[in-house]
Amino acid sequence: MWTSVQPPSDKDSVLLAHSLLDESLENPILKFEFQRKNLRYLHICCTWFLLDEEVCKRLQIPEVPYKTLFPKSKILFNKIYDTLVSRDARIKRGNKDQMKVLKDYLNITKNSNFH
């Protein structure tokens, strides 16, 4: 329904979509180029999974091999993890992971012009 009422993508929409996908290529938190390229690939896979094919094509999101493998495997792994690990343990682990991301980000940005 949402897709059917959206206007066609214009040049700015395509540029914005690609800018968001390419953000990981410039991410200083990831040390190695292969990590940044892999993150971009995962972002593309998730975009194809979350948006329908028509929207992805209008935004010129690149086709990648095995684009549903990561999102579908993540769903499966999360279901298994949810049955094996208590809710409280998952919350504590998630908080720890998020705090590490925040710490890494603050370490990268405190002495730089990165925003």
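The shown structure was predicted, so the numbers you read here are calculated from the model rather than taken from an experiment. Just so it is clear, the values below take in all heavy atoms, side chains as well, and ignore hydrogens, waters and symmetry mates.
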*Find out whether Cys45 and Lys72 are in side-chain contact, i.e. whether some heavy atom of one side chain is under 4.5 Å from a heavy atom of the other.*
no
*Counting N and O atoms only, with roles assigned by atom type, does the side chain of Gln35 sit under 3.5 Å from a partner on the main chain of Lys31, one being a donor and the other an acceptor?*
yes
_Step-by-step side-chain contact (heavy atoms from CB on, under 4.5 Å) determination, Asn78 to Lys74_ = CA-CA 6 Å; Asn78 283 346; Lys74 188 66 176 159; 3.8 Å; yes
_Once rounded to the nearest 0.5 Å, what's the spacing between atom CZ of Phe70 and atom NE2 of His43?_
8.5 Å
*Find out if a path of hydrophobic residues (ILVMFWY) with successive side-chain heavy-atom gaps under 4.5 Å connects Leu51 to Phe49.*
no
_Under 4.5 Å between side-chain heavy atoms, counting indirect links through other Ile/Leu/Val/Met/Phe/Trp/Tyr residues: same cluster for Ile44 and Leu50 or not?_
no
*Please tell me if the side chains of Lys103 and Met99 come closer than 4.5 Å, counting only heavy atoms from C-beta onward.*
no
*For residues Tyr81 and Arg93, determine if any side-chain heavy atom of one lies less than 4.5 Å from a side-chain heavy atom of the other.*
yes
*Quick one: pull up CD1 in Ile61 and SG in Cys56 and give me the separation to the nearest 0.5 Å.*
5.5 Å
*Can any side-chain N or O of Arg36 pair as donor or acceptor with the backbone N or O of Glu26 at less than 3.5 Å?*
no
*asked:* I'd like to know if the side chain of His18 reaches the main chain of Leu59, judged simply by a donor and an acceptor atom lying under 3.5 Å from each other, with no hydrogens or angles considered.
replied: yes
*asked:* Is the shortest side-chain heavy-atom distance between Leu84 and Ile80 below 4.5 Å?
replied: yes
*Run the salt-bridge test on Lys92 and Asp88 with the 4.0 Å N-O cut-off and return the result as yes or no.*
no
*Decide whether Ser13 and Asp10 meet the rule of one side-chain donor and one side-chain acceptor closer than 3.5 Å.*
yes
_Within this structure, what is the CG-OG1 distance for the pair Leu21 and Thr47, rounded to the nearest 0.5 Å?_
5.0 Å
_Tell me whether Val85 shares a hydrophobic cluster with Ile91, the cluster being built from Ile, Leu, Val, Met, Phe, Trp, Tyr side chains joined at under 4.5 Å._
no
*OG-OH distance between Ser73 and Tyr66, expressed to the nearest 0.5 angstrom*: 13.5 Å
*From CG (Asp52) to NZ (Lys57), nearest 0.5 Å*: 10.5 Å
*Is there a donor-acceptor contact under 3.5 Å from the side chain of Trp48 to the main chain of Val64?*
no
*asked:* Would you say CD of Glu33 has more than 12 non-hydrogen atoms from neighbouring residues, nucleotides or ligands within 6.0 angstrom?
replied: no
*At their closest point, which heavy atom of Tyr41 faces which heavy atom of Pro65, and how far apart are they?*
OH-O, 2.5 Å
_Are Ile108 and Leu102 connected into the same hydrophobic cluster when the rule is that any two of I, L, V, M, F, W, Y join if their side-chain heavy atoms are below 4.5 Å apart?_
yes
_Transitive ILVMFWY side-chain link Val55 to Leu15, under 4.5 Å_ = no
